[in-house]
Amino acid sequence: MTQLIEVSMVVNGERRSALAEPRHSLAHFLRDKLRLTGTHLGCEHGSCGACTVLVEGRSVRACLMFAVQAQDANITTIEGIAQGDELSDLQRAFQRNHALQCGFCTPGQIMAATELLADNPDPSPDQVRHAMSGNICRCTGYVPIIDAILEVAAGRRESAAQQVAE
Amino acid sequence: MKPAKFDYVAPESLDEAIALLAANPDDAQIIAGGQSLTPMLNFRMAGAALLIDINRIVGLSGIRLGDDGAVHIGATTRHRDVELSPLVARHLPLVHAAMPYVAHVAVRNRGTIGGSLCLAEPSAEWPALCIACEAEIVLASPRGRRRVTAEEFPLAPYTTSREEDEILEEVIFPAWPANRRFGFEEVSRRAGDFAIIGIASVLDLGTDRRINAARIVAFGLGDRALLLDAPSAALLGRVPEEAAVAAAIACADEGLEFDSDFHASAAYRRRLVQRLVGRTLRAALGIKTEQDG
């Protein structure tokens, strides 16, 4: 008799619920039960970072967390980053800097970068490299990803300074 | 890459978790951060009929300072919380320095000290840090509490002296003396990868300004984190200067055996031990030099 649990969580600001087996990972739950397929599965053992989501604002490898463990948690996925059709500054910077090619790792990169910039609005290039080291990319060679993140950090500091001046 | 079916329970007290584990002797596994267990479950290299999730047990995580200056870290405390803790930065500076080397941020957000110690991965930082700090590990079971030294806890790769019905409850780090100096270095292929070799060194200076205690601990060696007796002993009673560092480097690899594998040759590993012993000791003593041992 398979144990089935009603798992309920807040995803991108919306309460979502579905039945899950205990062995269903958070990634599986988001993709298959909630049809949020922006979170990708690259390795399913915590090495690649493609499945990175935010749980209570902290980056988590969704393949290493079981959905039942996220009961009543606040989850942010890549689907929650844009404002409707309006891409976020991070997404636009990735686009401008060619920080994606096939796009498979990109949701995980964006989620990891989101946490990085929340923790540290003024990171050095080395700090960006260190913080992003858990996200593997086969296409870009990483440099444009680092550039995009630094560009966003600079842009946000500039608008914050302008706001203060006004 | 999907685990086999298991049942799941998330007790809210340690007593309940202990009882569940005791009631399911061959079938149950404890899950904390899941950063090591879940990959194994996904690969089906590990299995459990029942997963006992201890993340909801209040009081099992947390960092506090005892009246005697000892630092108590609860078993389910996340590496990231240790990394960001001002208390740890102030009272366990070696641990503070080492935390950024533990895997990647996303792993540190979930992974726990208890999980790392119970896994006993030979290239992990926590077992080595605990040995360097002479920490004690508290294990809880139906029989009560038992303390084991950090040195005695890891037996072999992925094997510890934890009994099957014991749950690691907390780790106690003795008060950090004012006259203690430390150094920490780790080499890996990519930031966050498993260490090829890592060294944690602590030195205590006596009132005569000589080194009166030294613990040089290596990890990544293959079996378990190891206190390096020879270079540690070589420092005792010495004036803290480059000559002492040289004496430690000269015997740093004594009695150690190294393997070659995909990541590094045995010769490279041996050289790393020598260099990192040198670097950590110089960092501890504030010696800057052109040479690198």
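Source: prediction; values computed, not measured. So that the names make sense, note that chain A is the first sequence line, chain B the second, and so on, each numbered from 1. Computation of the quantities below employed the complete heavy-atom set of this structure, encompassing side-chain atoms and omitting hydrogens, waters and symmetry-equivalent molecules.
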Does CZ belonging to A:Arg157 count more than 12 external heavy atoms closer than 6.0 Å?
-> yes

Quick check: does any side chain N or O of B:His104 sit under 3.5 Å from a backbone N or O of A:Gly49, one acting as donor and the other as acceptor?
-> no

A:Gln3 side chain vs B:Tyr8 backbone, donor-acceptor pair below 3.5 Å = yes

Can any side-chain N or O of B:Asn109 pair as donor or acceptor with the backbone N or O of A:Arg58 at less than 3.5 Å?
-> no

If you count heavy-atom pairs under 4.5 Å between each of B:Leu84, B:Asp81, B:Leu51 and chain A, which one has the most?
-> B:Asp81

Residues, nucleotides or ligands: over 12 heavy atoms within 6.0 Å of A:His28 NE2 = yes

Kindly give the heavy-atom pair with the smallest separation between A:Pro22 and B:Phe6, and that separation in Å.
-> CG-O, 3.4 Å

Looking at A:His24, A:Met65, A:Met132, which makes the most heavy-atom pairs under 4.5 Å with chain B?
-> A:Met65

Is the CZ atom of A:Phe104 crowded by more than 12 outside heavy atoms at less than 6.0 Å?
-> yes

Distance, nearest 0.5 Å, that separates NZ of B:Lys5 from CD of A:Glu21 | 4.5 Å

Under a 4.5 Å cut-off applied to non-hydrogen side-chain atoms, are B:Ile31 and A:Phe66 in contact?
-> yes

Minimal non-hydrogen separation, B:Thr38 against A:Leu64, with atom names = OG1-O, 3.5 Å

Should the heavy atoms of other residues, nucleotides or ligands under 6.0 Å from CZ of A:Arg35 be counted, would the total exceed 12?
-> no

Greater than 12 external heavy atoms within 6.0 Å of A:Tyr142's OH = yes

Side chain, backbone, both or neither of B:Leu41 within contact of chain A (heavy atoms, under 4.5 Å) = side chain

Using non-hydrogen atoms only, which part of A:Ile5 is less than 4.5 Å away from chain B: side chain, backbone, both, or neither?
-> side chain

Contact part of A:Leu4 toward chain B, heavy-atom cut-off under 4.5 Å: side chain, backbone, both or neither?
-> neither

Under 4.5 Å from any heavy atom of chain B - which part of A:Ser25 = neither

Could you name the residues of residues 11-24 of chain B that have a heavy atom within less than 4.5 Å of a heavy atom in chain A?
-> none

Please name the pair of heavy atoms, one in A:Cys43 and one in B:Met1, separated by the smallest distance, quoted to 0.1 Å.
-> O-CE, 2.8 Å

At a heavy-atom separation under 4.5 Å, does B:Ala4 approach chain A through its side chain, its backbone, both, or neither?
-> backbone

May I ask you to test the B:Arg110-A:Gln69 pair for a side-chain heavy-atom distance under 4.5 Å?
-> yes

Please work out which of the three classes, parallel, tilted or perpendicular, describes the rings of A:His45 and B:Phe43, given edges at 30° and 60°.
-> tilted

Cut-off 4.5 Å, heavy atoms of chain B, and the answer for A:Leu54 is neither

Between A:Ser133 and B:Arg190, the two heavy atoms sitting closest are O-NH1, 2.9 Å

Any chance CZ of A:Arg96 has more than 12 other-residue heavy atoms, nucleotides or ligands included, within less than 6.0 Å?
-> yes

Heavy-atom neighbours of A:Glu6 CD exceed 12 at 6.0 Å = yes

